[in-house]
Amino acid sequence: TQLLEQSPQFLSIQEGENLTVYCNSSSVFSSLQWYRQEPGEGPVLLVTVVTGGEVKKLKRLTFQFGDARKDSSLHITAAQTGDTGLYLCAGARNYGQNFVFGPGTRLSVLP
Amino acid sequence: NAGVTQTPKFQVLKTGQSMTLQCAQDMNHEYMSWYRQDPGMGLRLIHYSVGAGITDQGEVPNGYNVSRSTTEDFPLRLLSAAPSQTSVYFCASSVKATSYNSPLHFGNGTRLTVT
């Protein structure tokens, strides 16, 4: 069983549509990160959230950390083909512990 | 600025062979780690190091060895390759060990196939 679950596993949408992907756990995390990975490359950090209820915006991307710090969501407004990739969430249960990664959501944005 | 460099990019081994995956970073990061990525499994931690001379096991350490003789280098050794070790391997580093405001910087991976 995965400590972090991500949904949906796959998502294919048209350019211009909005979407939300989710990262869920039964455990509480002290911090949670979102990464994007493109084919043939390593993951690249998008954002870190550390406070329950925190909302962070990165251009068209909005990240939210659940009040109980057990879940997070990533919302993309007006998706572009450049948003295509594998979106990974990673959580640290306690400060000083290693990050655990979810299985990822593979997003395809079609022109 | 090279960041995290992994070599080789691709490797095919036969069952029982040994090899070393290389990882080097030029950012003077304290923390380095190795992950393997398998479809539907996400990234799983193999071994990690919080500084030169210090290593520890992650979630899936069996069949792998590491050493950290310098701050820059963190090689991963496969002792006797098995088909179950077919995967994409990523090396990552960060300024401090698991600090929440210290992102992981990943290399571009080594795709390993064991036949």
Side-chain angles (χ1 to χ4, degrees), chain A residues 1-10 21-25 27-52 54 56 58 63 65 69 72 85-106, chain B residues 2-10 21 23-25 27 29-51 54-61 87-111:
Chain A
T1 55
Q2 300 260 1
L3 188 60
L4 281 168
E5 302 287 345
Q6 290 189 246
S7 61
Q9 187 177 359
F10 299 97
V21 297
Y22 301 92
C23 175
N24 297 292
S25 178
S27 299
V28 175
F29 289 94
S30 63
S31 64
L32 196 138
Q33 297 180 332
W34 284 91
Y35 290 81
R36 180 168 65 212
Q37 183 179 17
E38 299 189 16
E41 299 183 4
V44 176
L45 181 73
L46 296 172
V47 78
T48 301
V49 287
V50 298
T51 304
E54 183 176 3
K56 282 192 173 179
L58 184 67
F63 303 85
F65 201 13
R69 290 186 288 126
S72 181
L86 179 67
Y87 288 82
L88 296 160
C89 66
R93 294 181 63 182
N94 293 295
Y95 181 81
Q97 285 195 342
N98 293 295
F99 278 91
V100 175
F101 282 80
T105 291
R106 190 166 296 281
Chain B
V4 178
T5 302
Q6 289 186 237
T7 56
K9 196 165 179 62
F10 301 95
L21 308 185
C23 175
Q25 53 91 8
M27 299 173 282
H29 284 176
E30 285 186 357
Y31 178 86
M32 296 187 75
S33 56
W34 277 101
Y35 289 86
R36 59 177 291 172
Q37 186 173 37
D38 303 292
M41 301 288 290
L43 289 154
R44 290 183 292 169
L45 184 64
I46 303 171
H47 285 285
Y48 65 97
S49 168
V50 299
I54 306 169
T55 64
D56 208 344
Q57 296 181 349
E59 181 186 355
V60 287
S87 188
V88 182
Y89 291 84
F90 286 96
C91 178
S93 70
S94 69
V95 173
K96 290 285 186 181
T98 64
S99 171
Y100 66 81
N101 59 358
S102 179
L104 286 169
H105 297 261
F106 284 85
N108 284 333
T110 294
R111 185 175 294 273

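Worth knowing before you read on, the calculation uses all heavy atoms, side chains too, and leaves out hydrogens, waters and symmetry mates. Residue numbering restarts at 1 for every chain, and letters A, B, ... go by the order of the sequence lines.
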Under a 4.5 Å cut-off applied to non-hydrogen side-chain atoms, are A/C89 and A/Q6 in contact?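 Answer yes - side chains close enough.
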Measuring heavy-atom distances to chain B, does A/Q37 have an atom under 4.5 Å in its side chain, in its backbone, in both, or in neither?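 Contact with chain B involves the side chain of A/Q37 alone.
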Relative to chain B, which segment of A/L32 carries a heavy atom at a distance below 4.5 Å: side chain, backbone, both, or neither?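 Neither part.
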Which bit of B/E59 comes within less than 4.5 Å of chain A, counting heavy atoms only: side chain, backbone, both or neither?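 Neither; nothing under 4.5 Å.
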Between B/L43 and chain A, which part of the residue has a heavy atom less than 4.5 Å away: side chain, backbone, both or neither?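 When you check distances to chain A, atoms from both the backbone and side chain of B/L43 fall under 4.5 Å.
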Which atom names give the shortest non-hydrogen contact between A/L88 and A/G102, and what distance separates them?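 That closest heavy-atom pairing would be CD2-O, 3.5 Å.
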Shortest non-hydrogen separation from A/L4 to A/V100 and the atoms involved: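 Closest approach of A/L4 to A/V100, heavy atoms only: CD1-O, 3.1 Å.
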Evaluate side-chain hydrogen bond (donor to acceptor under 3.5 Å, both in side chains) for B/Y35 paired with A/N98, printing each intermediate quantity in order. CA-CA 11 Å; B/Y35 289 86; A/N98 293 295; 5.6 Å; no
